[in-house]
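Report on the structure given below.
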Amino acid sequence: MNSQEVRSKFLSFFEEKKHSIVPSAPMVLKDDPTLMFVNSGMAPFKEYFLGNAQPKNNRIADTQKCLRVSGKHNDLEEVGYDTYHHTLFEMLGNWSFGDYFKKEAIAWAWELLTEVYGIDKDILYVSVFEGSEDDGLGMDTEAYDIWKEYISEDRILKGNKKDNFWEMGDQGPCGPCSEIHVDIRSAEEKAKVSGKDLVNQDHPQVVEIWNLVFMQYNRKANGSLEPLPNKHIDTGMGFERLCMVLQNVQSNYDTDVFKPIIREIETITAKTYGKEEKADVAIRVISDHVRAVAFSIADGQLPSNTGAGYVIRRILRRAVRYGFTFLDKKEPFIYRLVDVLSNRMGKAFPELKAQKQLIENVIKEEEQSFLRTLDQGLVLLNRIVDETKSDTVSGEKAFELYDTYGFPIDLTALILSEKGLKLDEKGFNEQLQKQKNRSRAASEMSTDDWTILAEDGEEEFVGYDTLEAQVKITRYRKVTSKKDGDMYQLVFNLTPFYPEGGGQVGDKGYLEDAHGDVVYILDTKKENNVIIHFTKNLPKHINESFKAVVDAKQRYRTECNHTATHLLHQALREVLGTHVEQKGSAVHSKYLRFDFSHFSKLTVDELRDVENFVNRRIEGKLPLVEMRNIPKEEAIAEGAMSLFGEKYGDTVRAIRFGKSIELCGGTHVKNTADIWHFKIVSEGAVAAGIRRIEAITNDAVKDFYFENNRAYFEMKDLLNNAKEPVKALQSLQEENTNLKKQIESLLRDKAKNIKGELKNELETINGVQFLAKKLDLDAAGLKDVAFELGGQFNNLFLLLATDQGGKALLSCYISKELVESKGLNAGQVVRELGKYIQGGGGGQPFFATAGGKNPGGIADAFENAKNYII
Ligand code: ATP
Ligand code: MG
């Protein structure tokens, strides 16, 4: 059974059981501060488990892209070494939100595996939760009794809290689970050791394929459990592992999910998979990682230096490094695998196909830049090796290479061992740990349980229509972090405050009670579909009702920028072409930022056309047409664009200004005329094939023109009110260049003369020709003189100095013979004498320079120079 059939059979099975089939949510999470990436099928449905929202159908099934490379679930270091853990994998799942429970979940899992997929019952084991004294929980006998109906009792294993109790995080919904394992070893192997003894023992052919989680408790901040009002089912089956079983192979990498990618790697690298373990690991690493990186770029997460982007960058670098070390690939090649990948997976995940070109560009550029880093790192490492006197390279040095230059530690270790050197791993790990502690301390945060003041269904957002409302606080909690200290998070029954989202910043404002007491709302954010208002203090009369008021000025400026963002998007597609796609946007009150796919720098003419296009629509006074709660299909049919990486419901909100129409939850001006004017202030590259425009509107444009005008007049003033300041500036520049040339040639002449004079001033001390002298030359002039004399005289010791613009410079020249015979070293001389001019420097044994900030000390330096030769 090929993988496409495996996937579609799963979905149609649950569709028949009255489940709604939904597409995979984007992999990068936007409104969950506890999680960067979706790491299990349930993550996109957290709002339902937490009771913050109600699904339309309380039975759902899907296949979800999951990434396990950070936080609680991190399989990164396993990947490549074993044959069944991936960074990115698909999790097939079925859910019941307060609907069916253990009986149906178990019955259907069994039916699907044994009847639909036809897996032999005799290779299956299941597990149930054995109970936990800490939590005061007994064994899950309910699940045990149901399983007994399907499978013989000697195949039902009891598992501990680690394997058989699933928790979403430190807090929140959790419950016992039943895992289903397969034993795909040969009959011979099975005869030797029973599969029962290998379950959960990291055996590559006795692996877990499906986990059925029975959500029935809530874990509170103090660690105690309380029963959930509604019980839920959450199941997750590893798609690639299921394919392995159904295709009768022994490794996920031998399924049709990975084989085509591996074949392509073989072609490109001229290596054969299955011949040598180290190369095999590398091939598995690369075939896995290219998927993770490609999928996340498709979901809008590009590699970068921080947060989720940094995680992606590290995955790609891991792949590059394995290719570099074990497959001998010193130039970019991973991007060439994207073609095969998008051919294989493009049907199930159209975002891959649609963005293939972009994904290739981004990966290729990342590869190039990391390969350059590796090259530089190798040079630095060689230098470290040269400087190391013992047989061990210090952990600190290796850490610096790793931390500052991004040079991987395992590569350092490998290269050192090839050179017969050791690495002080302990020292390295200490440095690493120190760094981790520092960043952990900076990001540490504690969150109290919610204090519930009033039971409330969904919190209503009224901020599209009003900036003021009478509200009640339904719940609040305290959050403490190093960065912000104590903060409170408040939830209302309804709110006019727009929560950060769709690129637009959250509203600010205040709450006022009937006594005139005021609390400021510093920010508004959405978390698992709840709108959270951040305050520094808790309102005094917390149970009363409040007038909630949004800062109207900030909101208005932000709206100008948001509407302008839509017009800019339209303009770019019009002026540059429809390949332009939004790749990120930030809408602030002061400016807007828009990232989009496009392959080259915008010309001045293009920028002007884009600006004019937007301004014409502002002048056109286009009214806002808002369509709330329309079916997504209808909005798309109207011409609305949906974005990759964005999660949309069945019904959407569409915003139209003239011919610009977008799916958007943000707030907008009532008429484009409100924007007054639009001005692009910068355009540049963010990554390969991605450009960024920053622009301003309204008051910010007025400020911009005012400031530019001021600068212009100041400049004109400095140019003696020249009629044509640009020309005046050009001629000044020309004049300047000419003067510089003249000075250089004068200095050269001067140096020649000086050399003639200096010859006569040489003093012979202990057979050394000595001279210490201050000259009116620049650094290059000093060097010139020194080398010239050095070429003419033997046994020379020169200390030349200059004093330019309040700075002092020392140059020391020592003939090679002296360096050898007397063990003199110019580098050491300038380091020591540099002290007198309050500076330092260095160089080679025969020539070195030092700079300092105290020209007054030059005389002292001269005074002490003789000491080196007497
Ligand atoms: P394992 O013990 O094998 O790491 P797990 O206990 O971490 O699995 P769950 O969190 O229960 O797994 O996830 C549900 C299912 O997802 C698993 O039964 C397995 O089939 C699959 N799965 C989990 N992690 C991975 C991974 N890194 N790569 C591929 N499939 C995975
Ligand atoms: Mg795991």
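Order of listing sets the numbers, starting from 1, for every ligand and every atom in it.
- Annotation: atom 21 (C) of ligand 1 to nearest protein heavy atom, Gly238 CA, 3.6 Å.
- At under 3.5 Å, a nitrogen or oxygen of Asn211, whether backbone or side chain, sits near a nitrogen or oxygen of ligand 1.
- If you check which protein heavy atom lies closest to atom 27 (N) of ligand 1, you get Asp75 OD2, 2.6 Å.
- Note: no N/O pair closer than 3.5 Å links Glu179 and ligand 1 by distance alone.
- When only modelled atom types and interatomic distance are considered, Ser152 and Asp154 share a side-chain donor-acceptor pair under 3.5 Å.
- For atom 24 (N) of ligand 1, the closest non-hydrogen atom of the protein is Arg68 NH1, 3.2 Å.
- Contacts between Met91 and ligand 1, counted as non-hydrogen atom pairs separated by less than 4.0 Å, involve the side chain only.
- In this structure, Phe45 and Tyr48 have parallel ring planes: the angle between them is below the 30° cut-off, well short of the 60° mark.
- Remark: ligand 1 and His73 share no N or O pair separated by less than 3.5 Å (distance only, no angle test).
- Closest to atom 19 (C) of ligand 1 among all protein heavy atoms lies Arg241 NH1, 3.4 Å.
- Ring orientation note: the planes of Phe258 and Tyr253 are tilted relative to one another, at an angle of 30° to 60°.
- Not a single heavy atom of Phe239 sits under 4.0 Å from any atom of ligand 1.
- By the 3.5 Å distance cut-off applied to N or O atoms, Met237 is not counted among the residues near ligand 1.
- Using a 3.5 Å distance cut-off with no hydrogens or angles, the side chains of Asn528 and Asn52 do not pair a donor with an acceptor.
- Among protein heavy atoms, atom 28 (N) of ligand 1 sits closest to His86 N, 2.8 Å.
- Of the heavy atoms in His85, both backbone and side-chain atoms come closer than 4.0 Å to ligand 1.
- Taking the six-membered ring for Trp and the full ring otherwise, the centers of Tyr100 and His19 sit less than 6.0 Å from each other.
- At a 4.0 Å heavy-atom cut-off, ligand 1 touches Ile209 through the backbone alone.
- Taking only nitrogen or oxygen atoms, main chain and side chain alike, Phe89 does not reach within less than 3.5 Å of ligand 1.
- Contact between Val207 and ligand 1 is absent, with no heavy atom of the residue lying under 4.0 Å from the ligand.
- In this structure, Glu226 contributes its side chain and Lys220 its backbone to no donor-acceptor pair below 3.5 Å.
- Close approach of ligand 1 to Tyr84 is summarised as follows: ligand atoms under 4.0 Å from at least one heavy atom of the residue are 28 (N), 29 (C).
- Within the 3.5 Å criterion, the main-chain N or O of Gln301 finds no donor-acceptor partner in the side chain of Asp299.
- Counted within 6.0 Å of NZ on Lys72, heavy atoms from surrounding residues, nucleotides or ligands total more than 12; the atom is thus considered enclosed.
- Aromatic ring centroids of Phe428 and Tyr402 lie under 6.0 Å apart.
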Exercise. Arg314 and Arg318: side chain to side chain contact (heavy atoms under 4.5 Å, CB included), yes or no, with the steps?
Worked result: CA-CA 6 Å; Arg314 275 190 12 234; Arg318 188 170 185 260; over 6 Å; no

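- Side chains of Lys102 and Gln216: a donor-acceptor N/O pair is present below 3.5 angstrom, by distance only.
- Looking at ligand 1, you won't find any N or O of Glu240 less than 3.5 Å from one of its N or O atoms.
- Of the protein's heavy atoms, Glu208 OE1, 3.6 Å lies nearest to atom 8 (O) of ligand 1.
- Counting protein heavy atoms only, atom 15 (C) of ligand 1 is closest to Gly236 O, 3.5 Å.
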Problem set entry | From CA spacing to verdict: side chain to side chain contact (heavy atoms under 4.5 Å, CB included), Val245, Val6 | CA-CA 11 Å; Val245 178; Val6 174; over 6 Å; no

